[in-house]
Trainee: 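Pasting in a structure now, in structure tokens, and then I'll have a few things to ask.
Excluded from the calculations below are hydrogen atoms, water molecules and symmetry mates; all remaining heavy atoms, backbone and side chain alike, are included. Remember, it's a predicted structure, so these values are computed and weren't measured experimentally. By convention here, the first residue in the shown sequence is residue 1.
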Amino acid sequence: MHVVVLGAGVIGTTAAWYLLENGHQVTVIDRQHASAQETSFANGGQISACHATPWANATTPKQILKWLGREEAPLLFRMRFDPQLFSWGLRFLRNCTTARATENLEKSLRVAVYSRDCLRQLRDEIGLEYDHSQRGILHICRDEAEMGSVAVATAQMQEFGLNRRMVSADECYEIEPALRQSKTPILGGSFTPDDESGDAHKFTQSLAQKCIERGATFKFDTNIIGLKRDQGRVTSVQTDAGDIDGDTFVMCLGSYSPLLTKPLGIHLPIYPGKGYSISIDTTGYHGAPQTALIDDSAKMVYARLGNRLRVAGTAELDGYSLRMSERRKQLIVDKAFELFPNSGDRSKITFWSGLRPVTPDSAPIIGGTKYGNLFLNTGHGTLGWTMSCGSGKAIADLISHKHPDIPLTGLGIERF
């Protein structure tokens with residue numbers, strides 16, 4: 001078949017690769033000049049199955065109330081009249097129970113662990129280089145309450161098959177010696193040795209080139225206007241460069257997916273969660289970590305990408321705005337240098353923001369629609385890089401009438 005993929009970020013590009021592997025003709029459309037120019041450009045850099053804990057859980061409403069009105073809050077709601085956010089928020093609150101959080105954790109972890117395995121296999125087969133590291137992910141805690149929460153999450157993930165264990169403060173320092181320079185105490189944490197890190201932008205651009213070499217067509221600088229349909233099937237993608245026909249279509253547009261599906265009567269409960277990142281030049285400095293880390297107290301993640309330290313964090317619900325708050329930018333810088341004071345040149349920092357496509361249950365939407373030839377691979381939230389290869393292979397197999405390697409139960413649009 002001729003399959004048209006909408007979006008050339010890490011989600012769309014990995015789907016394109018696996019569709020090519022299954023023998024299809026593939027066209028990828030993106031408004032940017034190259035692949036991975038938006039949410040995949042400068043994300044946290046972690047392949048983190050251990051970070052699959054849903055945003056919505058029994059403790060979240062209390063936390064949100066505590067954070068309201070605080071500019072430095074890890075999760076910030078920009079108060080505005082926004083029907084899309086109101087609708088999403090009601091669904092989000094319905095998922096704030098222990099039972100639903102456990103169910104949603106299993107769904108996300110199922111995709112994340114499978115995807116991690118797919119990434120390794122793909123990397124070995126075609127030799128991709130993207131500043132990747134296989135040193136695991138260390139999750140640090142600074143007080144007893146955090147230790148308790150992380151212990152509960154670790155035990156849950158162990159039940160679902162994730163290789164994750166609790167570690168002491170001494171073990172944290174042994175896993176990542178750069179933590180010894182930290183200005184704040186560390187009580188302990190957890191360690192997931194099979195998790196990884198790497199540059200999603202480099203990975204996606206390298207994989208896109210491999211796709212082109214195998215015959216895929218990437219139509220960049222092409223704005224998608226809408227989808228044309230007839231008799232229960234999508235017939236073409238309407239763009240500013242003309243209509244693009246296909247046999248099958250895959251929606252991989254992240255936060256922008258709902259804008260394209262709404263006119264078709266498909267209401268995707270996806271809301272853009274803006275995240276910030278900084279990239280610190282570590283050249284000539286010896287205090288940057290080599291192991292990827294999660295700092296739960298600040299809701300920030302760290303990944304070493306060659307001679308750069310990528311630090312990402314915060315979540316801001318502010319519609320489709322990419323505006324960066326100076327106060328929140330400074331907060332990330334201050335927290336990074338508090339934890340790693342000798343990590344790099346404070347005058348050479350690159351700032352970035354991107355929109356994560358968040359669903360109310362934090363699990364991606366992978367599957368078909370009421371249109372027989374329109375498929376969804378979107379809504380991966382903060383774990384797009386982590387889940388990209390697995391969801392790409394699963395949707396490609398589904399389109400190719402193969403049984404995906406993992407069950408897609410609970411991941412379709414029908415759950416909403």
Trainee: Is it true that a side-chain atom of Thr14 and a backbone atom of Ile11 form a donor plus acceptor pair closer than 3.5 Å?
Mentor: yes

Trainee: Are the side chain of Ser277 and the backbone of Ala42 linked by a donor-acceptor contact shorter than 3.5 Å?
Mentor: yes

Trainee: Without swapping roles, check the side chain of Gln37 against the backbone of Ser35 for a donor-acceptor pair under 3.5 Å.
Mentor: yes

Trainee: Would you call the rings of Phe203 and Trp385 parallel, tilted or perpendicular if under 30° counts as parallel and over 60° as perpendicular?
Mentor: tilted

Trainee: Any ion pair linking Lys393 and Glu21 (charged N to carboxylate O, less than 4.0 Å)?
Mentor: no

Trainee: Between Phe340 and Tyr302, is the ring centroid distance below 6.0 Å?
Mentor: yes

Trainee: Consider side-chain hydrogen bond (donor to acceptor under 3.5 Å, both in side chains). Of His139, Arg135, Gln134, Arg116, which one does Asp195 pass it with?
Mentor: Arg116

Trainee: Salt-bridge test for Lys329 and Glu326: reply yes if a basic N is under 4.0 Å from a carboxylate O, no otherwise.
Mentor: yes

Trainee: Is the shortest heavy-atom distance from the side chain of Arg94 to the side chain of Pro360 under 4.5 Å?
Mentor: no

Trainee: Output, in order, the C-alpha distance, side-chain angles, deciding distance and verdict of side chain to side chain contact (heavy atoms under 4.5 Å, CB included) for Thr204 and Leu207.
Mentor: CA-CA 5 Å; Thr204 307; Leu207 187 60; 5.8 Å; no

Trainee: Under 3.5 Å, is there a donor on one side chain and an acceptor on the other for Thr60 and Asn57?
Mentor: yes

Trainee: Can Val234 and Thr369 be said to form a side chain to side chain contact (heavy atoms under 4.5 Å, CB included), step by step?
Mentor: CA-CA 11 Å; Val234 174; Thr369 68; over 6 Å; no

Trainee: Between Ser40 and Val10, is there a donor-acceptor pair closer than 3.5 Å when you use the side chain of the first and the backbone of the second?
Mentor: yes

Trainee: Please verify the inter-ring angle class for His132 with Tyr130; under 30° counts as parallel, over 60° as perpendicular, anything in between as tilted.
Mentor: tilted

Trainee: Look at the aromatic rings of Tyr320 and Tyr256 and report parallel, tilted or perpendicular, splitting at 30° and 60°.
Mentor: tilted

Trainee: Got a second to check how far Asp131's CG is from Arg308's CZ, nearest 0.5 Å?
Mentor: 5.5 Å

Trainee: May I ask you to decide if Ser48's main-chain N or O and Thr386's side chain share a donor-acceptor pair within less than 3.5 Å?
Mentor: yes

Trainee: Does Val3 reach the side chain of Phe375, with side-chain heavy atoms less than 4.5 Å apart?
Mentor: no

Trainee: Distance check, rounded to the nearest 0.5 Å: Cys141 atom SG versus Ile294 atom CD1?
Mentor: 10.0 Å

Trainee: Is any side-chain heavy atom of Val113 less than 4.5 Å from a side-chain heavy atom of Phe160?
Mentor: no

Trainee: Answer with yes or no whether the side chains of Ser391 and His380 bring together a donor and an acceptor at under 3.5 Å.
Mentor: yes

Trainee: Verify, without hydrogens or angle tests, whether Asn307 (side chain) and Thr282 (backbone) share a donor-acceptor contact under 3.5 angstrom.
Mentor: no

Trainee: After noting the C-alpha distance and the side-chain angles of Thr283 and Asp345, does the key distance pass the side chain to side chain contact (heavy atoms under 4.5 Å, CB included) rule?
Mentor: CA-CA 8 Å; Thr283 305; Asp345 190 339; over 6 Å; no

Trainee: Under 3.5 Å, is there a donor-acceptor pair linking the side chains of Ser190 and Arg164?
Mentor: yes

Trainee: Would you sort out whether Arg415 and Glu103 count as a salt bridge (charged side-chain N to carboxylate O under 4.0 Å, His left out), showing the intermediate values?
Mentor: CA-CA 12 Å; Arg415 73 183 191 265; Glu103 177 185 332; over 6 Å; no

Trainee: Quick test of your reading of the model: are Arg304 and Glu176 salt-bridged, counting only N-O distances below 4.0 Å?
Mentor: no

Trainee: Might you point out which heavy atoms bring Val5 and Gly12 nearest each other, and give the distance in Å?
Mentor: CG1-O, 3.6 Å

Trainee: Does the Lys NZ or Arg CZ of Arg229 fall within the cation-pi geometry relative to Tyr371 - under 6.0 Å from the ring centre and within 45° of the axis?
Mentor: no

Trainee: Hey, are Arg356 and Thr382 close enough side-chain-wise for a donor-acceptor pair under 3.5 Å?
Mentor: no

Trainee: Please check if atom NE2 in His51 has more than 12 non-hydrogen atoms from other residues, nucleotides or ligands closer than 6.0 Å.
Mentor: no

Trainee: Run the salt-bridge test on Glu414 and Lys370 with the 4.0 Å N-O cut-off and return the result as yes or no.
Mentor: no

Trainee: Tell me if the aromatic rings of Phe220 and His33 count as close, with their centers under 6.0 Å from one another.
Mentor: no

Trainee: Find the distance between OG1 (Thr53) and CG (Leu109) and round it off to the nearest 0.5 Å.
Mentor: 8.5 Å

Trainee: Of all heavy-atom pairs between Pro269 and Arg91, which one has the smallest distance, and what is that distance?
Mentor: CB-CD, 3.8 Å

Trainee: Do Asp247 and Asn373 have a side chain donor and acceptor closer than 3.5 Å?
Mentor: no

Trainee: Are Lys202 and Glu129 close enough for a salt bridge, meaning some N to O gap below 4.0 Å?
Mentor: no

Trainee: Judged by atom type as modelled, is there a donor-acceptor pair below 3.5 Å linking the side chain of Thr378 to the main-chain atoms of Leu253?
Mentor: no

Trainee: Any ion pair linking Arg142 and Asp295 (charged N to carboxylate O, less than 4.0 Å)?
Mentor: yes

Trainee: Donor-acceptor pair, distance only, cut-off 3.5 Å: does the side chain of Gln84 make one with the backbone of Ile270?
Mentor: yes

Trainee: Counting only N and O atoms by type, is there a donor-acceptor contact under 3.5 Å from the side chain of Thr154 to the main-chain atoms of Arg165?
Mentor: no

Trainee: Strictly distance-based, threshold 3.5 Å: is any side-chain N or O of Thr359 a donor or acceptor partner for the main-chain N or O of Pro364?
Mentor: no

Trainee: Here's a test for you: under salt bridge (charged side-chain N to carboxylate O under 4.0 Å, His left out), which of Lys299, Arg328, Arg327 qualifies with Glu72?
Mentor: Arg327

Trainee: Can you name the closest pair of heavy atoms from Val167 and Cys172 and give their distance?
Mentor: CG2-SG, 3.8 Å

